[in-house]
Amino acid sequence: MNRGTGGGAVAAGFSLLFFSFLFGPLIIMVITAFNSSSFPRITPWECFTTEWFAVLFANDRLMSGLLNSLVIAVSVVAIAVPIGLAGALALSELSSRLRAVLYTVLITPILIPGVVLGISTIVFWGALGRSVGAEYGSFFFDGMFLTLAGQVTFISAYAMLVFLARLQRFDPILTEAALDLGATPGQAFRKILLPFLGPAIGSATFLTFLASFENYNTTVFTILSGNTFTTALASKVRHGTDPSLSALAVIIIGITLIGAIVHEAHTRRKEVLRTGIATRSRIYGNPVLKTLVHPLTVFLILAGIAGLATWQGTRHDASVCKQQILDDKRARQHELLEEQRRKMQEQQKTTAPVTSPADAAGKANPSPFGGAFSPNGLTPAQEEQAPAAAPTETPAKANPSPFGGAFNPNGLKPSQ
Amino acid sequence: MPGAVPSGIRLPVFTVPFSRISESVMATKDIVLDHVSIRFGAYTAVDNAHLVIKGGEFFSFLGPSGCGKTTLLRCISGFSDPSEGRVLIGGQDMKGIGPNKRPTALIFQNLALFPLMSVADNIAFPLEVRGVGRRDRRKRADELLEMIALPGVGDKKVHELSGGQRQRVAIARALAVEPDILLLDEPLSALDLKLRHHMRTELRTIQQQVGLTFIYITHDQGEALTMSDRVAVMNAGVIEQVDPPETIYNRPKTSFVASFVGQSNAIEGKVASQSGTLVSIETPLGRLQGRAAGGRQYKSGDNCFLFIRPEQLSLGDGLPNAVAANWVKEEFEGNARQMFLEANGVPLRLSRVNLGGAADTLSGASVPVGFEPDQAIVLPHGVLAGA
Ligand SMILES: Nc1ncnc2c1ncn2[C@@H]1O[C@H](COP(=O)(O)OP(=O)(O)OP(=O)(O)O)[C@@H](O)[C@H]1O
Ligand SMILES: [Mg+2]
């Protein structure tokens, strides 16, 4: 606050650190999505490319997992939101003693680790299925059904918490007033309480959708041999990463940003309309500006920009640049090999121990981020070499490395 | 802006919307509280209320906060059933009949307007739930807005109205389906003083125009006395007296009523003797005489209170019931001056109409006061309001 004491500089520095801590990884990830290097990294910058998006969409496992995830998420919303609402209503009606008991019961699934929930879901439905003599093809052993069942148990508790928070602000006198004015209890519920809960229904839907979509712990068990988006993603990461995941991150960040901006436009507009300062405000008083900041316009503009960027992206061709890089690499590789051969000859003369070329490459790792983005971060050196090594068969064969097996011959065309 | 009244507020003209005015004046329904008690666990909130409210009457329940007024009102409107006794409306026992089926409309202590609806939708809500079409609803809402002198606010949201306007919207909403009985739970308590006075007149006018039974709850005696045909004074769940306002004020039947309604000097004492209605009592201020309320007979030695209103206490020598008091302080109230006196440890209050003269400078002096025995009331010992 006080610049005289240097507090301002400290605060600014701290904020800077804090924000780079928050957003640094995201920014770097976004940049890596456009680097043609087959490992997600910024340096060395090779070519600007949009091919990773194509790679992403060509990945069948991910795409079918995405579809599964969407189906499950929508079903979870359809089931968990009504259950949560019913639970919250029941809680607000009960005497305080019963309420404590029911609350504990309803909230427990949130406290139980997802892994446990997942396993117990399989065990429970499996046992039930067998006890009624169901076949293996029946829904008792269907990954989608089990995932739905497993997720609903704890996600409806989230929904319930959202509704409870909103219900606490409801004045039950309003329901009484409706009754007194001749409404039946059903009418009082539909016309008074439900509209009041409207915003909560919106946020519960959003929350349950996200909770289902991004769930991993439970789903990884209950989906059995199938795949959802998260499980497909996780197995992909486990088997080696490439920038198509960064491309995915770019898409998600883009959607989130658009959503957030549109939402902000919506809340600001509502606030202005509510306080009734619309006519006096410089933006909202002007018909052109007013249409411009309408959430729908904002959305259309942003969606247009995103669409344009996508269209431009599909037309971008990085093959020339990539060929250039490839040639450069080959030349460099060749140089290194030559040098090595020379060294080895010298060493043989002096009977020095053999130096692995992989070690040399590892030390020469040009990326300041090393393998930070790789789940295989322990073996960055091999990944580094992969793109260079694969096309030049001679060096690959000549490579005496004990890590040879880890060299991925598909490094250049990550088809997963 | 509830602060500024309404020089612009016209007194409403209530001519339009009541299809049944003539009929409803004839066919209004009596409400009978037949030995009604209401308990919450071991706590008795209303104790054996027994009275008849006549159709078309403006009837008030007056009592301090927490005395059970709201509880009784909720029982009449059907939100709770009495623990004992019956509630009858128009001769019919209301047991088991829900609030939406009773011919009553309740105006809640906080009005309970629906915040998400427009003013017109609020007013038309009772019609909406009865299946009246949108256009008829709107027409009726506009008629009612006309009646409460707020034409053209139908499309506003409730929070855009001032306190007094909301008040009137709540009344319009309650009247939308022409109930037989309108129950009002301290509807004016949230308003500022001037608006409150204005609304009193308005409520009374509405009631006289539409001929409904109004049951009005308040802890403000001014409201109860100015508007009502009859007032029931409640204390701690017990109805102590049911009478027209003047009787309540002039001839209270219990110590509580005497001390709660209006200002009164209460002087504790023991009955010495009684001849006719005239009672002599022994007090710390000496032997004083008063009237036995309601022709009651006292035995000598009975504990009692003598009540004398500040405006009936006079300054001067040679008065009956003369008391030598000490001057404590004086408060100026515009239309009146309040003199605070003290005699032998008993605080006394004397009020005089302000005739524009300068205040007497009586500081520290001994002041002779007295009063006519006929204007003092002797009541059996009991709880006093605020004690
Ligand atoms: N649901 C309830 N459960 C238990 N006690 C209650 C309940 N409702 C009211 N009471 C008690 O009954 C008594 C009377 O309450 P009531 O609301 O009728 O008072 P009131 O006369 O309307 O007061 P106020 O002027 O403050 O509105 C209070 O002591 C209150 O605590
Ligand atoms: Mg009350």
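So you know, we letter chains A, B, ... as the sequences are listed, proteins then strands, and number each from 1.
When heavy atoms are compared at a cutoff of 4.5 Å, A:Ala188 does not approach chain B at all. Heavy atoms closer than 4.5 Å to chain A are found in the side chain of B:Leu116, but not in its backbone. Using a 4.5 Å cut-off between heavy atoms, A:Leu179 contacts chain B through both its backbone and its side chain. Of the atoms belonging to B:Leu113, it is backbone heavy atoms, and not side-chain ones, that fall under 4.5 Å from chain A.
Side chain of A:Thr218 to main chain of A:Gly114: a donor-acceptor pair is present (N/O by atom type, distance under 3.5 Å, no hydrogens or angles).
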Pairs of donor and acceptor atoms involving the side chains of residues 292-304 of chain A, under 3.5 Å and at least two apart or interchain, shall be tabulated with distances.
from, atom 1, to, atom 2, distance (Å)
A:His294, ND1, A:Leu296, N, 3.0
A:Thr297, OG1, A:Thr291, O, 2.4
A:Thr297, OG1, A:His294, O, 3.4

Would you tabulate the side-chain donor-acceptor contacts of residues 201-209 of chain A under 3.5 Å, counting partners in other chains and residues two or more places apart, or write 'none'?
from, atom 1, to, atom 2, distance (Å)
A:Ser203, OG, A:Pro199, O, 2.9
A:Ser203, OG, A:Ala200, O, 3.4
A:Thr205, OG1, A:Ile201, O, 2.7
A:Thr208, OG1, A:Ala204, O, 2.7
A:Thr208, OG1, A:Thr205, O, 3.0

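When only modelled atom types and interatomic distance are considered, A:Gln151 and A:Thr219 share a side-chain donor-acceptor pair under 3.5 Å.
Residues B:Val32 and B:Val87 fail the side-chain proximity criterion, which asks for heavy atoms closer than 4.5 Å.
When every heavy atom of A:Gly150 is checked against every heavy atom of A:Thr121, the shortest pair comes out as CA-OG1, 3.6 Å. Taking both residues in full, the closest heavy atoms of B:Leu203 and B:Phe214 are given as O-CE2, 4.0 Å, listed atom of the first, atom of the second, then distance.
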Compile a table of inter-chain donor-acceptor pairs under 3.5 Å between chain A and chain B, counting both main-chain and side-chain atoms.
from, atom 1, to, atom 2, distance (Å)
A:Asp171, OD2, B:Asn110, ND2, 3.2
A:Glu176, OE1, B:Arg74, NH1, 2.6
A:Glu176, OE1, B:Arg74, NH2, 3.4
A:Glu176, OE2, B:Arg74, NH2, 2.8
A:Leu179, O, B:Asn100, N, 3.3
A:Asp180, OD2, B:Leu106, N, 2.5
A:Leu181, O, B:Arg130, NH1, 2.8
A:Ala183, O, B:Asn100, ND2, 3.1
A:Gln187, NE2, B:Val129, O, 3.0
A:Lys191, NZ, B:Glu128, OE2, 2.8

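Residues meeting the salt bridge (Lys or Arg N to Asp or Glu O under 4.0 Å) test with A:Arg99, sequence neighbours left out: none.
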